[in-house]
Amino acid sequence: HGSTLTPPSTPELRIADELGFALLAQWTAVAHATAYVVELREAGSSHIERFARPMPVQAAPGSVIELRIGGLRPSAGGQVYTAQVRCVGPCGCESE
């Protein structure tokens, strides 16, 4: 297709439950995305988990997209996570 996909904004991560078993990732929708892939990494680990999120039908460019990620392992010291969001274009290609 020859075009470059612009990635969405850096996601904001929030604790989604009081026990720390879930996070909420939020980012801004982009016009050309048909879906999103959230890559979640625990600090100090090289392991990346990927989660897919279809583009909501009613979402306009600039609106906030959310993905709740559960099944995390809370610890007494608190886990630190980083996330990156990639958009998926109509052809199935992902942004950087």
Side-chain angles (χ1 to χ4, degrees):
H1 56 78
S3 62
T4 302
L5 296 175
T6 303
S9 60
T10 301
E12 180 180 326
L13 295 178
R14 297 182 187 184
I15 296 173
D17 69 7
E18 62 276 353
L19 299 176
F21 287 102
L23 290 175
L24 183 67
Q26 297 178 311
W27 63 93
T28 305
V30 294
H32 54 274
T34 58
Y36 296 94
V37 173
V38 177
E39 296 179 343
L40 187 69
R41 179 184 307 194
E42 188 176 337
S45 172
S46 61
H47 180 73
I48 295 174
E49 295 226 32
R50 290 171 52 95
F51 302 89
R53 169 72 162 98
M55 177 69 151
V57 175
Q58 73 281 8
S63 61
V64 176
I65 306 294
E66 298 181 337
L67 176 67
R68 183 182 171 103
I69 301 169
L72 304 176
R73 298 179 319 250
S75 69
Q79 300 298 101
V80 177
Y81 292 93
T82 60
Q84 177 180 354
V85 178
R86 298 179 187 276
C87 67
V88 179
C91 63
C93 293
E94 293 183 12
S95 64
E96 292 293 321

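A donor-acceptor pair under 3.5 Å links the side-chain atoms of His32 to the main chain of Thr6, judged by distance alone. Arg41 places no side-chain N or O within 3.5 Å of a backbone atom of Ile48 that could act as its donor or acceptor partner.
Closest heavy-atom contact between Cys87 and Pro8: N-CD, 3.7 Å.
Between Glu12 and Arg14 there is a salt bridge, with a side-chain nitrogen of the basic residue lying less than 4.0 Å from a carboxylate oxygen of the acidic one.
Atom CD1 of residue Ile69 and atom OH of residue Tyr81 lie 9.5 Å apart, to the nearest 0.5 angstrom. Interatomic distance, CD of Gln84 versus CZ of Arg50, reported as 9.5 Å (0.5 Å rounding).
One hydrophobic cluster, built from ILVMFWY side chains closer than 4.5 Å, holds both Leu67 and Met55. Side-chain heavy atoms closer than 4.5 Å link hydrophobic residues (I, L, V, M, F, W, Y) into clusters, and following such links, even through other members, never connects Leu24 to Trp27. The hydrophobic clustering, which links ILVMFWY residues whose side-chain heavy atoms are closer than 4.5 Å, places Val37 and Leu40 apart.
Between Leu5 and Cys93, the closest side-chain pair of non-hydrogen atoms falls below 4.5 Å. Annotation: side chain of Val85 is not in contact with side chain of Ile65 (no heavy-atom distance under 4.5 Å).
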